[in-house]
Amino acid sequence: MAINAAEEETLEALKAWWNEQGRKLAAIVIVVFGAYTGWLLWENNQADTAAAASDIYEEILTLAFSTTEGEAISEADGDQIISYAEQLMAEYNGTMYARYAALYAAQQYVRRDDLQAAANALQWVLDNPLEGLFAESDPGLELTATLRLGRILLAQGQAEQALSLIGSVDPQGYEAGYAELRGDIYLEMERLQDAREAYIAAQQAGSSSDALRMKLQSLPADS
């Protein structure tokens, strides 16, 4: 079939467009396809990493809750918890499981009276927040780590540092624990009136523990 002049002009126009724009379009398609393929590979890798980290963390939970209520974890199990936590912190530090594991490691260090190792584990949590577009966030985790680190600093005789640490965050739903710790710090610093006010604030925030009540009762009446 003969091609008339109008069709010939159309074909020439399409050819010219392809020569000018088509190759650019093809390059864009290739880049987009490559990016999508890379995204799928990254996503699969992230899923594999999370699954592996989850398995290790599950082992920690099994060990941590393997005893009956009131029974202490054996030294061997404590060693294993610390070992698993160190593995997560070193090899899977981009996961939330590593941060949870660090809390369990700190707990075991405290039971062994190794306060500096416990402080290091908790500080690692605070120094390594999850970052990135798809990073999870758990404000409660950081608040818990901060509170526990503050207690350890106080136990190490670093009352000023402990007060500065817990004063640098908004305790949100953890006000009762933070207020009680402030009271303990003020008591150590012999600021008895401040200690009383902090303990009362802890009660008003919802704490009704016998230990807190005894702390208040032990303060001099004129403080």
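No experiment lies behind these values; they were computed from the predicted model shown.
Remark: the backbone N or O of D79 is not paired with any side-chain donor or acceptor of S83 at under 3.5 angstrom. Formation of a donor-acceptor pair under 3.5 Å by the T146 side chain with backbone atoms of E142 is found in this model. With N128 contributing its side chain and W124 its backbone, the two residues share a donor-acceptor pair below 3.5 Å. With hydrogens and angles disregarded, no donor-acceptor distance shorter than 3.5 Å links the side chain of S54 to the backbone of A50.
Taking all atoms of both residues into account, the shortest heavy-atom contact from G78 to I73 is N-CG2, 3.8 Å. G150 and A162 make their closest contact through O-CB, 3.5 Å (heavy atoms, listed as atom of the first residue, atom of the second, distance). Shortest non-hydrogen contact noted between Y84 and I56 is CD2-CG2, 3.7 Å. Here the shortest heavy-atom pairing between M189 and A159 reads CG-CB, 3.9 Å. In terms of heavy-atom proximity, I60 sits nearest to A85 at CD1-N, 3.9 Å. Heavy-atom minimum distance, L122 versus L149: CD1-N, 3.5 Å.
Between the side chains of Q156 and Q161, no donor N or O sits under 3.5 Å from an acceptor N or O. Between N120 and Y109, the side chains place no donor N or O within less than 3.5 Å of an acceptor N or O (distance only, hydrogens not considered).
Residues R213 and D210 form a side-chain contact, since some pair of their non-hydrogen atoms from C-beta on lies under 4.5 Å apart.
To the nearest 0.5 Å, atom CD1 of residue I200 and atom CD of residue Q203 are 7.0 Å apart. Rounding to the nearest 0.5 Å gives a distance of 6.5 Å between CG of L216 and CZ of R196. Atom OG in S218 sits 7.0 Å away from atom OH in Y199 (nearest 0.5 Å). Here the CZ-CD distance, from R112 to E75, works out to 5.5 Å after rounding to the nearest 0.5 Å.
L181 pairs in a side chain to side chain contact (heavy atoms under 4.5 Å, CB included) with only one of the listed residues (L147, L153, L165), which is L147. Of the candidates L88, I82, I81, I81 is the only one forming a side chain to side chain contact (heavy atoms under 4.5 Å, CB included) with Y104. For the pairing with L163, the side chain to side chain contact (heavy atoms under 4.5 Å, CB included) check across Q158, R191, E188 returns one residue only, R191.
For the salt bridge (charged side-chain N to carboxylate O under 4.0 Å, His left out) condition, the pairs that include at least one residue of residues 171-181, sequence neighbours left out, are E175-R182, E180-K215.
Not a single side-chain hydrogen bond (donor to acceptor under 3.5 Å, both in side chains) links R111 to another residue, sequence neighbours left out.
A single hydrophobic cluster is seen to contain both L103 and F65, as judged by linkage of ILVMFWY side chains at heavy-atom distances under 4.5 Å, directly or through other members. The cluster map of Ile, Leu, Val, Met, Phe, Trp and Tyr, joined by side-chain heavy atoms under 4.5 Å apart, puts Y186 and V169 in the same cluster. Linking ILVMFWY residues whenever their side-chain heavy atoms come closer than 4.5 Å, directly or via other members, places M89 and L63 in the same cluster. L115 and L154 are not part of a single hydrophobic cluster, where members link through side-chain heavy atoms under 4.5 Å apart.
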Working for side-chain contact (heavy atoms from CB on, under 4.5 Å), residues D194 and E197: CA-CA 5 Å; D194 289 332; E197 292 175 359; 4.1 Å; yes
Assess whether side-chain contact (heavy atoms from CB on, under 4.5 Å) is satisfied between E160 and I185, documenting all intermediate values. CA-CA 8 Å; E160 291 284 357; I185 294 170; over 6 Å; no
Show the numbers, then the answer: is there a side-chain contact (heavy atoms from CB on, under 4.5 Å) between Y92 and Y97? CA-CA 8 Å; Y92 300 92; Y97 297 110; over 6 Å; no
CA sep, side-chain torsions, deciding dist, call: R99, D138, side-chain contact (heavy atoms from CB on, under 4.5 Å): CA-CA 10 Å; R99 284 138 188 83; D138 186 352; over 6 Å; no
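Counting non-hydrogen atoms of other residues, nucleotides and ligands closer than 6.0 Å to CD of E190 gives a total of 12 or fewer.
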